[in-house]
Every structure is written in C-alpha cells, then in structure tokens.
2 protein chains.
Amino acid sequence: MLQYEGLKERIVARFDEMSPQLQKAARYILENGQEVALISMRELARNAGVQPATMTRLAKFLDLPGYDDIRAQYSQALRSQADGFAARAQARDVDGPSGSGLAHGMVQTLSAQIARLNAPESIARLERVADTLAAAGRIYVLGLRSCHSVAWHFHYVMTLLGEKTVHLDGPAGTGVDGMRRAGPGDVMLVISISPYAKQTLELVGLAREKGMGVVAITDSEVSPLSNVSDEVVICATDSATFFHTLTPALAVSEVLCGLLADRDREAAVRALQEADRHLQSLDIYANEIPKRRF
Amino acid sequence: MLQYEGLKERIVARFDEMSPQLQKAARYILENGQEVALISMRELARNAGVQPATMTRLAKFLDLPGYDDIRAQYSQALRSQADGFAARAQARDVDGPSGSGLAHGMVQTLSAQIARLNAPESIARLERVADTLAAAGRIYVLGLRSCHSVAWHFHYVMTLLGEKTVHLDGPAGTGVDGMRRAGPGDVMLVISISPYAKQTLELVGLAREKGMGVVAITDSEVSPLSNVSDEVVICATDSATFFHTLTPALAVSEVLCGLLADRDREAAVRALQEADRHLQSLDIYANEIPKRRF
DNA sequence: ATATTTTTGAAACAGATGTTGCATAGACTC
DNA sequence: GAGTCTATGCAACATCTGTTTCAAAAATAT
C-alpha cells in the first residue's frame, strides 16, 4: 500500500509536466486504479483511448523500468486491500449512524437503492419507457421543484443527441408555453416525487387533454402519476436524512438516455460529434488544463 | 460474489471426482484465490506445482470454455471487493448479457460507483468538505452545463434549511452577479467534470481573487479544480454510454446536504417545518391524491 | 518563414500466454 | 497378461503481451 500510495502521488505530482497523451493515460489510471492490476496494458490503453506505447512511456516517465512495474505496484495494493478488507468493513459498520457513520450509511443506502433498480420488473419498465420515448415525436420533459435537476439533466443529455426534447421550464413562468405545439404522437416525461406539486399534476392533465402519451419517473406505485401515465418507473427516495433522495431518479434518467442513444448508435455518435464541433467552435471548454494559474 | 461463490463451491463440490493433478491445481486455487486474478496462468501453475495444461483442463472439467473464464470470475470478485459494498450488486454482471443488458449494466455500474464513495479516503474528504461548508458564511454554488443539475439540487435542498446558499446561475447570464457581495469567509462549492467549462475555471479564479474558500466536486485527482481548491471530493463519471454520468456527483451533493443538516439537527428541523408551512400556505403541493380525474 | 525539438502514431519485435494434439505412463477390466 | 481407457507430460500453435524503433506531425525556438 505504501508503494502504491507513493506511485499515485508521484503521478499526481508530476502530472503537470506530462504531455497531453501521457496525462490522458495517467488520468485514466488514477481514476480506475483497480483495473490496472486486472487487465492487460493494451486493454487499459484501449479503455483510456491511448496508444499502448503511451503506457510504456508513462512508466519510463515515472522513472520505472517498464509498465510491468506499474502493474506490480497496483497488484500489490489490491492484494493487501483484499486481505484487510473484511476486517475494515466490519470495524466501520460497528460505529453506528452518527458522525462519519452518517456519510457511510447514506452512501451505502444510495448504492443499494440503485442496485434495486436491477430487479427484472424495473428493468422491464425501463425498457418500456425507453420504447415509448423512442417512438415519440417530441419529448416534453417536466420536473418541478426538487425534480428539476433530473428533468434538466435528461433534457441536457438529450440535446446533445438531437432536437427531440423540450424542457418545460423557463424564467418568469414561461415554461408551460413549450407545450403549445404538443399533440398526439408526442410524449411527456414527467418526474415527480412526494410531495407532488400541484402544477405538475395539472400539466399532466393538460398533456392528456392534448392526446399526448405520458411516462413518469416517480416514487410509488400509488403515486398520483401512476394512475395517469402509460408507463411508470418506480425509484426509491427514502433517506436517513430529512430529505428525499433524487439520486436513484437521476440514475433512472441516465439509463433512459443510454437506452435511447443505444437504439440508434450511429445517429447518436454523429449527433455527439456535431455537438462537439459546435462546442469547440464556441470555445466553451478548457481544451488543455491550465497549469496552476493561481 | 454469487458467481465467484458459485465457482468456488463448484470446485469444492466436484473436488472428489478430480484426478490427482486436477486436485492439486484446484486446491491451490482455493487456497490462493486472489492470486488467480493477479498473475498469469503459467505462473500460477508453476506455483501450484502443476503443468499449465492442467489449469486449462481444470476449467474444462468445470464446464467452462477455458482458463480465462476462471480468471474472469476471480477478477470480478476482486474488483467488487475493492469496491467494497458493491460486491453483491456487481457479481451478477456475468449472467445477463442479452436483451436488457445495457440497462442492467448501467445500473450495476452506477451502484458500484456510488459504493466506491465508501472508501475511507472519500468519506474523509466528504467530512472535510462538510466542515468547510459548515464554517462558511455563505456558500456560493457553481455548476455549469451538465453539472447544473447537481448544483441546483444542492442549492434547492439547502434553501429548505435556510438562506446560506447562493446559486450562481440565472437567466440572461445574470448568474455571476450573485458573487458581488462574496468575500473572505465565504466558500464556493463548484461542481465540474471533464470537459471542464472555461467559465467555471474563470469564476473559480474570481472567487480566489476575492479571498473565498473553494471546495469542489470533480472527477479526478488531476482535474483543473484540484489545484485551486481547498478540498476536493472525487467521484466517478465513467459510463458504458456515450455520456458521463452525474449520478455519483449528485450522490455526493446529497451526502453533503445530509452532513450539513446533521451538524445542527434542531435548526434543520425548525427550518424544514417553516419551509413546510410556507409551501402549505402557497398551496404548492397536492395534499390528497386526486382520484383518477382522467 | 525555417530549423529544432518534442510528441505522437504505426508497425515490427521478441517473448509470454493459454490452448491443443499427441505420445507415453499408469490404472483398470476381462 | 493383453487390451482398454484415463491421466499426465511435452511440444507446437496461434495469439496476445509489453517494448522498441522509426517516421510523420506538432510544438517550440530561431
């Protein structure tokens, strides 16, 4: 573990001196440490989007004889981690849901809640919702108050893929205006959890009157949305805190995006490349990481 | 873990039927499980005092196509173990490759990524960030583009607790204005993942110039935010899809909210009750579930 | 603009990997 | 004890590994 820590620190320390490709490789290794020990260098390079040679070069750059030495260190770390793990996990579990236990407990709960989406029924629901959304002319995305984050994220990702979604939100209450042109053949994706905002239910009613389809991400089989939606995905919102969690709901929305992109992979790739060019031309992103300007 | 357990059990179950050499190989694998994933088959065979071919034969004997499948299972187990509590969820990875595979895989990955936040180092970072935020006068929340959802959600939850946060966003580019009154004693919470928006980095620079503290939720140890932040929480963003995932980042933000609320439980409860009364009086939420209006 | 250095990608390399076919050694049946 | 069958060791195999080399490209200096 010591050596491993040393290596990781060395990578971080000398990161700024590296060439772009070396940084790309180093970054991937830092973020996916366990993989280093478990897969081949070539595969790692593939995943990192880098030439195999770059990994060797990274090793030399770090004053190591070769890549095998990188792997050796990560293997060693994994070995000792595997040994000591059970003990540490048990020790941690004991000290209850207070202090650092709270963070631990929340993370654990969230992980489990998301894992629960793997129930066959949930997967089936996700597929059906994705089907409906894929078949839709336009997708009108509605998520008010706490659900705004989920709605917006879904919309944002989908805009990278095309022009299919309309986000029903906007300054000065103009959000609703987006629905003017909606009609049969279009679908509303509505996200709402308890307590359910009245406006959400009203807008769903409006959608129905217009003959639109409705699919929902919500928190219960008996949510008011379940009654009025064609398809529903249920996700957990319980939390040890005073608040409801939206993390599982966000996970659902990301899975939906993934499924939709997967329906037409080439189109998705094309759209993303185009979006990329667009953002490049607008100079939105920092292409290279500024070197300690501050 | 299921598969791994399954394999281990299968080895034990059929141990008696094996030929002496197969038993020798099997025994070594049972006793040195972690090694399987970390070294080559030939080396393993050497250590076990067995011919390389015997390992292949053991695999076939266990109705597996080849030795690689043995290693794959042990690798998976080790990966899960390293991820800690994701073990249960991730172990099923192997058996659902058809049809609903993508959704299943995505959910699995998300669950594991969040579970990885339970690493002691991550928990410690979360605590430190929570400390910094708790001590801050005001918290200025910044998340542009894809990170907007996380920033907004953090801000929204925090508004239920009081007036401590300012969300640096708004129509017509007015978001930045919020920072006018910020200064030393205040802290900026910035969320940004690769690719990093230029404006984000600029605003962080501005915050530093004003003498503010900076804490970040980002995707890498070597993110441009790491250099310029007092504390950083790292979360995974990889995904099987074309997009980066923000679910772990949202989880982080929710945990932070939880930790902050936990610092002063009574105040949190009071603030929430007040928020509740306020929303009640505005008649925002549906108090009873409308019964099939449609 | 030119020259020089650095960085990158592609191909070639030797060596190691997991697998397979075959021959021999041993165990068992009759 | 001959014949059959399985278990084992060995060597050849295609493939993949990590490394190196070399030329083109990009960045930097002149």
Side-chain angles (χ1 to χ4, degrees), chain A residues 7 11 14-29 32-76 78 280 283 286-293, chain B residues 7 11 14-29 32-76 78 94 222:
Chain A
L7 179 56
I11 296 176
R14 304 198 52 196
F15 189 84
D16 288 342
E17 310 166 33
M18 296 178 193
S19 73
Q21 288 301 104
L22 284 187
Q23 288 192 346
K24 205 168 167 188
R27 187 188 302 271
Y28 190 85
I29 287 181
N32 302 68
Q34 350 92 34
E35 294 301 300
V36 175
L38 296 174
I39 65 180
S40 75
M41 182 205 78
R42 283 180 120 100
E43 205 171 339
L44 192 75
R46 228 170 291 133
N47 293 346
V50 151
Q51 291 257 352
T54 305
M55 289 295 171
T56 301
R57 286 167 183 152
L58 178 63
K60 308 252 164 178
F61 178 85
L62 296 167
D63 304 315
L64 296 172
Y67 175 82
D68 277 326
D69 300 77
I70 292 183
R71 184 182 10 235
Q73 305 217 21
Y74 275 88
S75 291
Q76 201 47 49
L78 206 52
Q280 287 275 358
D283 200 24
N287 289 320
E288 61 179 309
I289 295 173
K291 316 226 164 173
R292 295 190 166 279
R293 280 178 46 207
Chain B
L7 179 57
I11 295 175
R14 302 196 54 192
F15 190 83
D16 290 340
E17 310 166 33
M18 295 178 193
S19 74
Q21 288 300 104
L22 284 186
Q23 287 192 349
K24 203 170 170 186
R27 176 173 291 121
Y28 190 85
I29 288 181
N32 301 69
Q34 350 92 28
E35 293 302 298
V36 175
L38 296 174
I39 65 181
S40 76
M41 184 203 79
R42 282 180 122 101
E43 203 171 340
L44 191 75
R46 226 171 291 133
N47 294 346
V50 151
Q51 290 261 349
T54 305
M55 291 294 172
T56 300
R57 285 166 185 150
L58 178 62
K60 309 247 164 181
F61 177 83
L62 295 168
D63 303 315
L64 295 172
Y67 175 82
D68 276 325
D69 301 78
I70 292 183
R71 193 201 338 254
Q73 305 219 17
Y74 276 87
S75 291
Q76 200 49 43
L78 204 54
V94 190
V222 291

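Chain naming here is simple, since letters A, B, ... match the order of the sequence lines and numbering starts at 1 in each. Treat the numbers as computed from the prediction; the structure is a model and nothing was measured.
- Contact check for A:Glu43 versus A:Arg46: side-chain heavy atoms found under the 4.5 Å cut-off.
- Taking the side chain of B:Arg46 as heavy atoms from C-beta on, and the options C:dT8, C:dT17, D:dT17, the nearest nucleotide is C:dT17.
- Taking both residues in full, the closest heavy atoms of A:Thr54 and A:Gln21 are given as CG2-O, 3.7 Å, listed atom of the first, atom of the second, then distance.
- Side chains of A:Met41 and A:Ile70 form no contact here, defined as non-hydrogen atoms less than 4.5 Å apart.
- In this structure, the CD atom of A:Gln23 is 11 Å from the P atom of C:dT7, given to the nearest Å.
- Interface residues of residues 48-67 of chain A facing DNA chain D, ordered by number: A:Ala53, A:Thr56, A:Arg57, A:Lys60, A:Gly66, A:Tyr67; criterion, heavy-atom separation under 4.0 Å.
- The CD-P distance, from A:Glu43 to D:dT15, rounds to 18 Å in whole Å.
- Atoms CG (B:Asp69) and P (C:dG18) sit 12 Å apart, rounded to a whole Å.
- Counting only heavy atoms from C-beta outward, the side chains of A:Val36 and A:Tyr67 approach each other to under 4.5 Å.
- Here the C1' atom of nucleotide D:dT6 and the CG atom of B:Leu22 are 11 Å apart, to the nearest Å.
- The interatomic distance linking B:Gln21 (CD) with D:dG9 (C1') rounds to 9 Å, in whole Å.
- At distances below 3.5 Å, not a single donor-acceptor pair connects side-chain atoms of A:Gln51 with backbone N or O atoms of A:Ala45.
- Looking only at side-chain heavy atoms (C-beta outward), B:Ile29 and B:Leu44 come within less than 4.5 Å of each other.
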For nucleotides 13-16 of chain C, tabulate all protein N/O to nucleotide N/O atom pairs closer than 3.5 Å, reporting atom names and distance.
none

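- Side-chain atoms of A:Arg14 come within 3.5 Å of backbone atoms of A:Phe61 as a donor-acceptor pair (strictly under, hydrogens ignored).
- B:Asp69 contributes a side-chain N or O that, together with a main-chain N or O of B:Gly66, makes up a donor-acceptor pair within less than 3.5 Å.
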